[in-house]
Amino acid sequence: MQKPRRIAIDGPAGSGKSTIGEELARQLGYLYIDTGAMYRALTWLALKNGVNITDAAAMEELARHAEIAISRPNIDDGRQYTVTVNGQDVTWDIRNAAVTNAVSVASSHKGVRAIIIGQQRAIAQRDGVVMVGRDIGSVVLPDAELKIFLTAGLEERARRRSAELVERFGPRNPALPSMETVLEDIRRRDYIDRNNLQQAGDAVVINTDHLSISQVLEVIHRYLESRT
Ligand code: DC
């Protein structure tokens with residue numbers, strides 16, 4: 001049997017998807033696609049153009065005409081990839097608080113998801129892809145050769161998110177939110193995202209609470225080998 005060509009990694013916010021997905025793609029020489037970035041890019045465009053994110057028809061129209069692209073990083077500034085919308089680099093803008101607060105609602109419309117999922121499937125036609133999200137194994141690529149579902153407890157996910165923020169903004173930055181705020185944020189996002197997070201029945205579930213990044217990767221490589 002051949003090496004799995006499409007690897008789906010799903011899980012809730014802070015479960016380690018993006019860190020694991022990026023590293024796995026690098027090790028395999030595969031394309032890394034963070035599908036959350038596509039929903040974020042569309043949300044950024046809606047906010048910029050004053051489109052009401054709760055208006056399903058308007059959001060669908062926006063999605064139909066938006067040109068969202070994810071490519072390998074073209075600037076060495078710590079980015080995992082470059083995201084453009086209609087040619088504009090929005091890689092960092094899509095991480096801001098306004099987008100983070102709006103993206104769950106903006107990405108919840110059925111019509112919007114149908115369009116973005118179509119684009120994700122087209123991307124996965126290319127050779128070798130690690131696609132990361134909430135519904136990749138269940139909806140986007142139900143025939144992916146390997147499906148991983150990462151989990152971690154709320155507290156551990158909040159701890160990781162806090163560490164990420166410290167890394168990005170520095171330990172003494174007054175803008176850093178408290179642990180309780182981060183925990184509350186994740187709890188709220190879990191709630192809003194609950195309908196989009198779908199575990200595939202045939203996914204390998206890995207609880208990452210007590211595992212390091214390299215230990216999670218080791219487990220995934222074992223599954224990869226067993227399916228090759
Ligand atoms: O992983 P993230 O925080 O960048 O995801 C941003 C939002 O997009 C989040 O609200 C969940 C949603 N999302 C989704 O509904 N389906 C996906 N495949 C990926 C993300």
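By convention here, the first residue in the shown sequence is residue 1. Numbering of ligands and ligand atoms starts at 1, following listing order. Because only heavy atoms are used, hydrogens play no part in the values below, and waters and symmetry mates are left out as well, while side chains stay in.
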Asker: Can you list, by chain and residue number, every protein residue with a non-hydrogen atom closer than 4.0 Å to ligand 1?
Answerer: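 Ligand 1 is contacted, at a heavy-atom distance under 4.0 Å, by T35, G36, Y39, R40, R95, V103, S104, S107, R113, G133, R134, D135, I136, R189, D193, N196.
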Asker: Do M38 and Q120 pass the side chain to side chain contact (heavy atoms under 4.5 Å, CB included) test, and can you show the C-alpha distance, the side-chain angles, and the key distance before you say yes or no?
Answerer: CA-CA 9 Å; M38 298 173 76; Q120 291 164 353; 3.6 Å; yes
Asker: Does the pair D190/R157 count as a salt bridge with the N-to-O cut at 4.0 Å?
Answerer: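 Salt bridge: yes.
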Asker: Any side-chain heavy atom of D10 sitting closer than 4.5 Å to one from Q199?
Answerer: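 No - every pair of side-chain heavy atoms lies 4.5 Å or more apart.
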Asker: Give a yes/no verdict on a cation-pi contact between R188 and Y191, requiring under 6.0 Å between NZ or CZ and the six-membered ring centre and an angle within 45° of the axis.
Answerer: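 No; the conditions do not both hold, so R188 does not lie above the ring face of Y191.
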Asker: Are a donor atom and an acceptor atom from the side chains of D77 and W92 found within less than 3.5 Å of each other?
Answerer: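 Indeed, the side chains of D77 and W92 share at least one donor-acceptor pair under 3.5 Å.
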Asker: Could you check whether any side-chain heavy atom of L31 comes within less than 4.5 Å of a side-chain heavy atom of Y81, counting everything from C-beta outward?
Answerer: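 SC-SC contact between L31 and Y81 ruled out.
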